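One structure is given here, and the rest of the page talks about it.
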Amino acid sequence: MSETDNTAHSANNPSHRYTSALAQTIELRWQQKWASDGTFNAPNPAGPLADPAAIAERGDKLFVLDMFPYPSGVGLHVGHPLGFIGTDVYARFQRMAGRNVIYTMGFDAFGLPAEQYAVQTGTHPAVTTNANIENMRRQLRRLGLSHDMRRSVSTTDPEYYRWTQWIFSQVFNAWYDEDAERARPIDELVAEFEAGDRVALDERSWSELSLAERNEVIDDHRLAYVSEAPVNWCPGLGTVVANEEVTADGRSDRGNFPVFKRNMRQWMMRITAYADRLIDDLELLDWTEAIKAMQRNWIGRSHGAKVDFESSAGTITVFTTRPDTLFGTSFMVLSPEHPYVDELAGLDKADEIAAYRKQAAAKKDFERQDDTREKTGVFTGAYATNPVNGEQIPVWIADYVLMGYGTGAIMAVPCGDSRDFEFARKFDLAIPAIQTPPPAWFEERSLDVTLDTRQWPEAFVGDAPYVNSSNGELSLDGLVNKAEGIAVMNAWLERTNAGEATINYKLRDWLFSRQRYWGEPFPIVYDADGNPHTLPDSMLPVELPETESFSPRTFDDDDEFSSPESPLDRLQDWVNVELDLGDGVQIYRRDTNVMPQWAGSCWYEMRYLDPTNTETFCDPAVEEYWMGPQTHIRPDHPGGVDLYVGGVEHAVLHLLYARFWHKVLFDLGHVSSKEPYARLFNQGYIMAAAFKDEREIYVEATEVEGSEDAGFTHDGQPVAREWGKMGKSLKNAVSPDEMYEEYGADTLRLYEMAMGPLDASRPWETRDVVGMYRFLQRLWRNMVDEETGACTVVDTAPDDATDKLLHRTIDVVRTEMDALRFNTAIAKLIELNNAVTKLDATPRAVAEAMIRMLAPLVPHITEELWRKLGHDDTVAYIEFPTADPALLVDDTIEVPVQVNGKVRGRITISADADRATTEAAALADEKVIAALAGNAPKKVIVVPGRMVNIVV
RNA sequence: GCCGACGUAGCCCAAUUGGCAGAGGCACAGGCUUUAGGUGCCUGUCAGUGCGGGUUCGAGUCCCGCCGUCGGCACCA
């Protein structure tokens, strides 16, 4: 206890003051009671948690969901629960507004930290994970979150990952039907091949293909498949990682190790098949534009054309978004990794090219992407034919063309593309003009209008009349916009078989396997011929085998040519297994990869709905009740969670993967919702001051002394302040335990909700917390005698002014709570309480309404007050107050009168005064007359009930 | 460079979506309570819509152009 302690331990406080000690007593008692009563259990329409009577009693369903946390060992700081408190307030409010609310919390518990800890300590990750989960549950319970604890799950529970494996099998045994634009079971594909409705490979019929050929065709269609492809190999982690997990500078987002592109055999998920739907269905979602933009950007759909250029090495296909500029193509550029490079390389150029390729390969991706770099490249010595005019154009290689995008080859149009322009200038290549830029373009560059591109300082990009763009069959000359030019060119390309309109995506298939221990094993075994088989449902879950050595073999960070070795590979007793998969008992080899961290979070919200179901991952009737489309909101409502709250950092990882899996499950008929999360809300972060000493090392923020004006010091040494996300790494975390100790959970909740809008990041200021504490103390004092603990609420009716204020407050608070604007709701409630403080005694009607309005925000103190007022039921399901419309309007109102837009007087008039009456009253006001100074009004604007503006 | 969000008082933030710039909290000053510090209570002060233009009777709000902050993407053809 410090000397500045403000708790009940100070001897002079009245014994029934709302102090932190009393708050803690109240909070722990109610948390215990809610748990033992199952207060927040939500009824299901069917299955083990079914309670049809309760369903009938409650109103419409509401699914409120938090992004579930990773159960870290270090515990929570006050920045973590911001979103959780927000969802809890909302869930509690909606329960009181009559909704049947489902709200719980699970744990996303597979992943690297637990595994790394296990490697260090030798403790099995399941042990530490479960301990961390228990600790986190305790911390969340201390906040008073109204979770239905029966529904809490962990992704690491075998009964949970059994269904993660089952869903994987569903994905594996499905293919994407491009015509139907949806996934279908793989059996239906086989049936179509067998019936001859679909051509598998070549002119041979299905029955003529060998078994191996058939398997290959089928595997080529699966939504989960093994492929030998360039992947991100991270020697420092000993595993491959997904594109989404590689940072812009070519390192792993976990651990920050270098990542190398390598060809390896790995599991992939065909998320690219869903690229269009993942973009298009964003329209149906109530998400912020920022997140939608990030997803669109990540998927990177661009419309364009593929164009074929003939060369000595064969046809070089390029992707371009500007086929209309084909007449301006004066050279081609291939990525150094392009497969045709060797063939194209002239004998005299071979050494030069080999040297350039080697140099390019030595560079990391991120180095090649530094666009401030000067262009480099090498001429191959070969030429290709421009299909529109038969011109022979030189073929170069350069590292500004990336093998990973489009076809790895481009047609260079230097007059219309800044990169090609730069390249052409550097290597003195032709820059034919094909558009006449508008005069303004030349003016801005202090040039006369000219088509002599030697005078142009840069490429022209945009709409402008085409010139020099015709051949015998085709002319763009005279057209003025590119949409038209593209349409004409695409038609010609298709007519002459020189190319076709196409759509290109940045999105790549999802690399789904990891060579680690602490993840879901694949439900896959391989037969003697190496063909993969999914295990039947009866053999799930495939449990992680016990072992002492959890670590994958890791390598030197820069050991690019090392190879992954999964920990499961070492467990040969587990790997080799005798099974009867229908063809008699045979020996199979298990897959030794595990799934990535993101697998378990792709569907967890559905397990909350039906957590104990052993027959299926979620009963369809239960899924439809909680997640089915809400067509009363919008006719094309996609279904899904009604409110999903979490940080913006999952914009392209979890949120993209989860949408993809959900759509597969939708296509296969397992769920009624097209999308998992109908409404997404991104909470802000709590920031805190962090301090660095002169060595640029962070020092413990709590030990820093001084002020902004006087300067900050740590141990007498000057330190510099900066702002950052609260956390361990910046040494600026504030523990919730300190807040409970000093104020209690209700004050902490209220402070976090009051400090700003839920979606805004804001700095934590411990010294500000006391404001909310004082508010709760006043609230308590308005209803409880601090000396005796007796209830002081009186049964007399409130006076008119108080009654009106009460109902106006109710009106605003209801609206604000519903819109997640808790900060403004709190301000109104403080205002009301301040008014009540001035009364001689608090009328019961006011007290009870205040308790009900505050119950979602500060559930413990309100339960206690509700009881003191003589009720013996929980306030959690008491109806939220509704304003009496009659009390929202005043008989008379004060209206400002402006003269030329400046307020010069105020008039008090009847609230329903019409225009003429208002105007007359305004013109009669003394101050207004004075302000007019005898000038006759030119115009009088009256907004009835609002204001008057007189223009002179 | 492109995309997105945001700039209101010493600080965190409101402003019925075009209508009186200030609701709430912190800080600050004075007073009461207290042996004192702290707690608690009462009263009070000051000052501001990033900059420049436009639309309007009226702009924090809408439009145009800058400046700044944060986030995402980036040699994506």
Side-chain angles (χ1 to χ4, degrees), chain A residues 2-8 10 12-14 17 19 248 288-294 296-298 300 302 304 318-322 325 333 366 368-373 375 398-402 404-413 416-420 422-423 504-506 648-649 651-652 708-709 723 750-751 754-757 759-765 767-775 777-778 781 786 812 815 821 823-831 833-834 837 894-903 906 937-941 943 945-952:
Chain A
S2 68
E3 294 199 42
T4 56
D5 175 45
N6 59 5
T7 66
S10 307
N12 301 326
N13 279 338
R17 173 166 288 176
T19 58
T288 61
E289 195 48 42
I291 299 282
K292 289 186 184 184
M294 280 187 232
R296 281 193 205 101
N297 196 286
W298 189 263
S302 45
V318 304
F319 172 75
T320 174
T321 55
R322 292 294 303 276
T325 62
V333 185
F366 69 95
R368 283 175 60 165
Q369 285 166 6
D370 178 3
D371 60 5
T372 58
R373 249 182 66 241
K375 295 275 179 294
D399 63 8
Y400 80 91
V401 175
L402 309 174
Y405 183 78
T407 61
I410 62 158
M411 55 181 236
V413 183
D417 181 283
S418 57
R419 294 150 303 180
D420 298 345
E422 223 182 288
F423 194 82
N504 193 58
Y505 303 88
K506 275 194 253 179
V648 70
E649 70 272 18
V652 290
E708 199 161 358
D709 299 329
W723 292 95
L750 199 56
Y751 171 66
M755 62 200 288
D759 55 358
S761 292
R762 42 267 162 81
W764 175 269
E765 289 287 1
R767 65 179 188 184
D768 288 0
V769 179
V770 70
M772 295 301 115
Y773 182 57
R774 289 178 190 148
F775 163 52
Q777 286 188 327
R778 276 201 299 277
R781 196 179 301 116
E786 289 194 332
V812 174
T815 311
R821 288 192 292 261
N823 53 327
T824 50
I826 291 166
K828 288 291 171 197
L829 286 161
I830 292 174
E831 206 179 343
N833 190 54
N834 288 348
T837 304
E894 197 185 62
V895 171
V897 182
Q898 300 178 339
V899 176
N900 287 339
K902 294 214 164 62
V903 178
R906 291 167 197 285
K938 275 192 222 151
K939 194 174 174 185
V940 179
I941 293 110
V943 184
R946 278 282 166 75
M947 53 99 60
V948 178
N949 189 11
I950 302 166
V951 186
V952 296

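What's counted below: heavy atoms across the whole structure, side chains too, no hydrogens, waters or symmetry copies. Predicted, not measured: the structure shown is a model, and the values here were computed from it. Note on naming: letters A, B, ... go to the chains in the order of the sequence lines (proteins, then strands), and numbering restarts at 1 for each one.
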Any residue meeting salt bridge (charged side-chain N to carboxylate O under 4.0 Å, His left out) with [X], in chain and number order, not counting sequence neighbours:
| X | value |
| --- | --- |
| A:Arg762 | none |
| A:Asp417 | A:Arg419 |
| A:Lys292 | none |

Fill in: Non-hydrogen side-chain atoms of A:Phe319 and A:Thr321 separated by less than 4.5 Å
yes

What integer number of Å spans the [atom1] atoms of [N] and [M]?
| N | M | atom1 | result |
| --- | --- | --- | --- |
| B:A74 | B:C67 | P | 25 Å |
| B:C66 | B:G24 | C1' | 35 Å |
| B:C75 | B:C63 | C1' | 35 Å |

Fill in: Spacing of A:Gln898 atom CD and A:Arg906 atom CZ [to the nearest 0.5 Å]
10.0 Å

Taking pairing as Watson-Crick or G-U wobble with both contacts under 3.5 Å, can you name the mate of [N], or confirm there isn't one?
| N | answer |
| --- | --- |
| B:A74 | none |
| B:A23 | none |
| B:U55 | none |

Practice prompt. Answer syn or anti for B:U17, where the cut-off is 90° from 0 on the glycosidic torsion.
Written response: syn

Please name all residues satisfying side chain to side chain contact (heavy atoms under 4.5 Å, CB included) with [X], sequence neighbours left out, ordered by chain then number.
| X | value |
| --- | --- |
| A:Val648 | A:Ile291, A:Met294, A:Asn682, A:Tyr685 |
| A:Pro763 | A:Trp723 |
| A:Asn833 | A:Phe775, A:Arg778, A:Leu779, A:Asn782, A:Thr837, A:Met850 |
| A:Lys938 | none |

Discussion item. With a cut-off of less than 4.0 Å, is there a side-chain N or O of A:Lys939 near OP1 or OP2 of B:C57?
Written reply: yes

Worksheet item: Under 4.0 Å between a side-chain N or O of A:Arg762 and OP1 or OP2 of B:C13?
Response: no

Pairs under 3.5 Å (N/O, protein and nucleotides 70-73 of chain B):
unit_1, atom_1, unit_2, atom_2, d
B:C73, O2', A:Asn297, OD1, 3.1

Practice prompt. Ignoring hydrogens and angles, answer whether the base of B:C75 and the side-chain atoms of A:Lys375 contain a donor-acceptor pair closer than 3.5 Å.
Written response: yes

Just call it for [X]: base, sugar-phosphate, or nothing, with non-hydrogen atoms closer than 4.0 Å on any strand.
| X | result |
| --- | --- |
| A:Ala754 | nothing |
| A:Glu765 | nothing |
| A:Arg774 | sugar-phosphate |

Practice prompt. Map A:Gly408 and A:Thr837 onto RNA chain B by nearest heavy atom, then report which one ends up closer to the 5' terminus.
Written response: A:Thr837

Discussion item. At under 4.0 Å between heavy atoms, how does the protein contact nucleotides 14-20 of chain B? Give one character per nucleotide, 5' to 3', with B, S or -.
Written reply: S-B--BB

